Amino acid sequence: QVQLEESGGGLVQAGGSLRLSCAASGRTFSSYVMGWFRQAPGKERAFIATISRSGGITSYSDSVKGRFTISRDNPENTVYLQMNSLKPEDTAVYYCAASRGSVGTLERGRADYWGQGTQVTVSS
């Protein structure tokens, strides 16, 4: 069992930056592929980014590529999402996810565990 807790969301002006953190419980963090998703009002939850167990492989959706960076600190059981050049359309609830599968598995939204989400609001 893994519990995920996101933090770092908030209100930011367009063009600004935020860093989200996701702290995981348990001693098997490094055995999970980790990722971030978001859900905007009235829309389905969508894949944003994922990172392999070692951190050597990352993948991003086209909507955030070049602006967001995912990273992880295995000894600290934490995965991060650095968000730069934020746009109003980035406004959403951001979710952390963990998967026992591959990077591709998480890209398809197949997570074994989800966090509760953190709100990010970007004002124009």
Side-chain angles (χ1 to χ4, degrees):
Q1 185 77 11
V2 174
Q3 292 184 324
L4 305 174
E5 183 174 0
E6 303 95 338
S7 61
L11 174 64
V12 63
Q13 288 188 331
S17 298
L18 280 176
R19 188 175 82 154
L20 304 183
S21 299
C22 173
S25 66
R27 293 174 286 183
T28 59
F29 178 73
S30 61
S31 66
Y32 290 90
V33 171
M34 300 298 298
W36 289 94
F37 292 73
R38 69 185 181 189
Q39 186 169 19
K43 295 187 177 181
E44 294 186 353
R45 188 158 51 190
F47 164 76
I48 292 299
T50 185
I51 188 167
S52 61
R53 292 169 177 82
S54 67
I57 298 172
T58 58
S59 174
Y60 299 91
S61 68
D62 288 343
S63 61
V64 306
K65 196 173 295 182
R67 300 188 297 123
F68 291 12
T69 302
I70 188 171
S71 61
R72 66 189 296 163
D73 185 335
N74 284 345
E76 293 295 324
N77 284 12
T78 303
V79 62
Y80 303 98
L81 186 68
Q82 178 67 43
M83 306 186 295
N84 298 329
S85 303
L86 283 161
K87 306 174 182 180
E89 51 264 44
D90 293 318
T91 294
V93 177
Y94 283 71
Y95 296 91
C96 176
S99 173
R100 298 186 186 93
S102 66
V103 165
T105 301
L106 206 49
E107 286 176 338
R108 293 187 292 273
R110 297 178 188 174
D112 294 294
Y113 301 101
W114 295 92
Q116 293 299 307
T118 185
Q119 176 71 45
V120 172
T121 303
V122 184
S123 63
S124 57

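On a predicted model such as this, the values are computed, not experimentally measured, just so you know.
A 4.5 Å side-chain heavy-atom check between C22 and Y95 finds every atom pair outside the cut-off. Using a 4.5 Å cut-off on side-chain heavy atoms (C-beta onward), L4 and Q116 make no contact. The shortest distance between side-chain heavy atoms of V79 and I51 falls below 4.5 Å. Put simply, the side chain of M34 reaches to within 4.5 Å of the side chain of C96, judged on heavy atoms. Residues L20 and M83 are in side-chain contact: their nearest non-hydrogen atoms beyond the backbone lie under 4.5 Å apart. Side-chain contact between I48 and Y60: absent, with no pair of heavy atoms (C-beta onward) separated by less than 4.5 Å.
Donor-acceptor pairing under 3.5 Å is lacking for the side chains of R45 and Y94. For the 3.5 Å distance criterion, the side chains of E107 and S59 qualify, holding a donor opposite an acceptor. In the model, Q82 has a side-chain atom that pairs as donor or acceptor with a side-chain atom of N84 under 3.5 Å.
In terms of heavy atoms, L106 sits closest to T50 at CD2-OG1, 3.4 Å. Residues A23 and T78 come closest through the heavy atom pair CA-OG1, 4.3 Å. In plain terms, the two heavy atoms of A97 and A111 that are nearest each other are CB-CB, 3.7 Å. Listed here is the closest heavy atom pair of N77 and F29: OD1-CB, 3.4 Å. Shortest non-hydrogen contact noted between L18 and L86 is N-CD1, 3.9 Å. For P88 against A14, the heavy-atom pair with the smallest separation is CD-CB, 4.1 Å.
Residue Q39 places its CD atom among more than 12 non-hydrogen atoms of other residues, nucleotides or ligands, all under 6.0 Å distant. The neighbour count for R108 CZ, taken as heavy atoms of other residues, nucleotides or ligands under 6.0 Å away, is above 12.
Transitive grouping of hydrophobic side chains (ILVMFWY, heavy atoms separated by less than 4.5 Å) keeps Y80 and Y113 in distinct clusters. Hydrophobic clustering (side-chain heavy atoms under 4.5 Å, transitive across Ile, Leu, Val, Met, Phe, Trp, Tyr) keeps L11 apart from V122. Cluster membership for W114 and V103, using ILVMFWY side-chain heavy atoms within less than 4.5 angstrom, is shared.
Ring centers of F47 and F37: under 6.0 Å apart, within the cut-off.
Put simply, the side chain of T28 never gets that close to the backbone of S31: no donor and acceptor are under 3.5 Å apart. Judged purely by atom type and a 3.5 angstrom limit, R38 has no side-chain atom pairing as donor or acceptor with the backbone of V120. Counting only distance, with no hydrogens or angles, the side chain of E6 and the backbone of G117 share a donor-acceptor pair below 3.5 Å. A side-chain donor-acceptor contact under 3.5 Å links N74 to the backbone of R53.
The structure places CD of E89 at 9.5 Å from OG of S63, a figure rounded to the nearest 0.5 Å. Residue L81 holds its CG atom at 9.5 Å from OG of S21, rounded to the nearest 0.5 Å.
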Pair D90-K87, salt bridge (Lys or Arg N to Asp or Glu O under 4.0 Å): steps then yes or no: CA-CA 5 Å; D90 293 318; K87 306 174 182 180; over 6 Å; no
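Figure legend: cation-pi geometry between R100 and Y32 absent, as NZ or CZ is not positioned both under 6.0 Å from the six-membered ring centre and within 45° of its axis.
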